Asks: 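Quick one: the structure is below, and I'll ask about it shortly.
A quick note: this is a predicted structure, and the numbers were derived from the prediction, not measured.
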Amino acid sequence: LAGTVPEEPRCTVERADASLTYPLFLQRFAFSRPVILGGVTDNSAFRALCTREKLLAAFGPFPVRLSTANTYSYRKVDVPFQEYVEHLLKPQDPARLGSDTLYFFGDNNFTEWGPLFQHYVPPPFRIPGTSPAYSFGVAGSGSGVPFHWHGPGFSEVIFGRKRWFLYPPDKTPHFHPNETTLAWLQHTYPTLPPAQRPLECTLRPGEVLYFPDRWWHATLNLDTSVFISTFLG
């Protein structure tokens with residue numbers, strides 16, 4: 001599957017650059033719609049620590065908690081990080097159900113991963129009354145999280161490309177909770193009339209997506225990817 005999962009024909013998420021001020025971010029995006037931010041952070045130092053070799057050297061023997069890639073119920077499996085990278089980090093099988101697909105994202109042990117996160121430069125914007133929490137992941141081509149929602153947050157791609165699909169809170173997407181994002185893209189997405197298509201865009205390294213509170217979103221890693229989210233709780 002590597003290199004065969006397509007990008008969207010046209011990005012429909014608004015973009016902004018480093019000229020976006022904090023007051024303008026609050027006014028235009030924070031509570032109303034997603035935005036892709038370019039050039040707002042420099043994470044080249046963090047990226048240098050996130051190569052396969054560096055991550056295996058630093059975290060290989062430590063256990064990581066994997067979650068299933070379905071929407072409402074998550075089975076958890078603990079394996080050494082090295083075992084995940086060498087044996088489970090594979091392209092998504094299109095026929096595999098979400099409940100049978102294991103994904104490393106989010107359940108980070110901050111005692112072990114904290115020193116790495118100290119090198120991450122988060123986006124410069126915050127939502128008043130929230131505090132940030134990091135969620136780090138590594139995943140194979142074609143993998144992803146199916147549609148779900150939670151509080152607001154940012155997500156940055158460190159390596160690879162990640163395609164996003166987003167719906168506002170009042171527009172529940174049509175999906176099966178145990179279907180992977182790849183299966184949804186192959187089977188459901190082509191049947192959607194233009195008016196029912198999600199907002200979508202592919203994030204590249206160094207780009208940051210902001211999504212507001214309760215926005216539905218699904219992700220699809222187009223390559224083997226390293227990524228980090230900043231959840232605002």
Asks: Starting from the C-alpha separation in whole Å, work towards a yes-or-no answer on side chain to side chain donor-acceptor pair (under 3.5 Å) for Ser141 and Gln92.
Replies: CA-CA 6 Å; Ser141 165; Gln92 174 73 47; over 6 Å; no
Asks: Between Asn43 and Val121 (side chain of the first, backbone of the second, donor and acceptor by atom type, cut-off under 3.5 Å), is there such a pair?
Replies: yes
Asks: Please confirm whether Phe211 and His150 have ring centers closer than 6.0 angstrom.
Replies: yes
Asks: About how many Å separate CZ of Arg28 and CG of Leu26, when rounded to the nearest 0.5 Å?
Replies: 12.5 Å
Asks: Hey, which of Arg163, Lys162, Arg204 is the one that makes salt bridge (charged side-chain N to carboxylate O under 4.0 Å, His left out) with Glu7?
Replies: Arg204
Asks: For Tyr103, what residues pass the ring pair (Phe, Tyr, Trp, His ring centres under 6.0 Å) criterion, not counting sequence neighbours?
Replies: none
Asks: CD/Glu156 to OG/Ser229 distance, rounded to the nearest 0.5 angstrom?
Replies: 9.5 Å
Asks: What is the distance from atom CG of Leu199 to atom OH of Tyr167, rounded to the nearest 0.5 Å?
Replies: 9.0 Å
Asks: Asp223 and Ser225: side-chain donor and acceptor closer than 3.5 Å?
Replies: no
Asks: What are the two closest heavy atoms between Pro152 and Ile127, and how far apart are they?
Replies: CG-CG1, 4.4 Å
Asks: Are the ring centres of Phe29 and Tyr210 closer than 6.0 Å?
Replies: no
Asks: Within a reach of under 6.0 Å around NZ of Lys171, are more than 12 heavy atoms found that belong to other residues, nucleotides or ligands?
Replies: yes
Asks: Kindly indicate, with the supporting measurements, whether the criterion salt bridge (Lys or Arg N to Asp or Glu O under 4.0 Å) is fulfilled by Arg10 and Glu200.
Replies: CA-CA 8 Å; Arg10 184 174 68 90; Glu200 55 182 310; over 6 Å; no
Asks: Does Arg197 qualify as a cation-pi partner of Tyr189, given the criterion of NZ or CZ under 6.0 Å from the six-membered ring centre and within 45 degrees of its axis?
Replies: yes
Asks: Using the six-membered ring wherever Trp is involved, compare the ring planes of Phe136 and Phe46 and label them parallel, tilted or perpendicular (cut-offs 30° and 60°).
Replies: perpendicular
Asks: For the CZ atom on Arg65, are there more than 12 heavy atoms of other groups (residues, nucleotides or ligands in this structure) within a distance under 6.0 Å?
Replies: no
Asks: To the nearest 0.5 Å, what is the distance between CG (Leu209) and CG (Leu166)?
Replies: 6.0 Å
Asks: Ring centres of Phe25 and Phe125 under 6.0 Å apart?
Replies: yes
Asks: Kindly compute the distance separating CD1 (Ile36) from CZ (Arg15), expressed to the nearest 0.5 Å.
Replies: 4.5 Å
Asks: Counting only N and O atoms by type, is there a donor-acceptor contact under 3.5 Å from the side chain of His187 to the main-chain atoms of Ala183?
Replies: yes
Asks: Is the gap between the ring centers of Trp149 and Tyr72 under 6.0 Å?
Replies: no
Asks: Between Ser99 and Asn70, do the side chains contain an N or O donor and an N or O acceptor separated by less than 3.5 Å?
Replies: no
Asks: Keeping the roles fixed (side chain from Thr180, backbone from Gly98), state whether a donor-acceptor pair exists under 3.5 Å.
Replies: no
Asks: Ring centroids only, cut at 6.0 angstrom: are Trp113 and Tyr134 within range, meaning strictly under it?
Replies: no
Asks: Strictly under 6.0 Å, is that where the ring centroids of Trp184 and Phe147 end up?
Replies: yes
Asks: For Arg33 and Glu14, run salt bridge (Lys or Arg N to Asp or Glu O under 4.0 Å): C-alpha distance rounded to whole Å, both residues' side-chain angles, the deciding distance at 0.1 Å, then the answer.
Replies: CA-CA 9 Å; Arg33 61 186 186 271; Glu14 194 170 341; 3.3 Å; yes
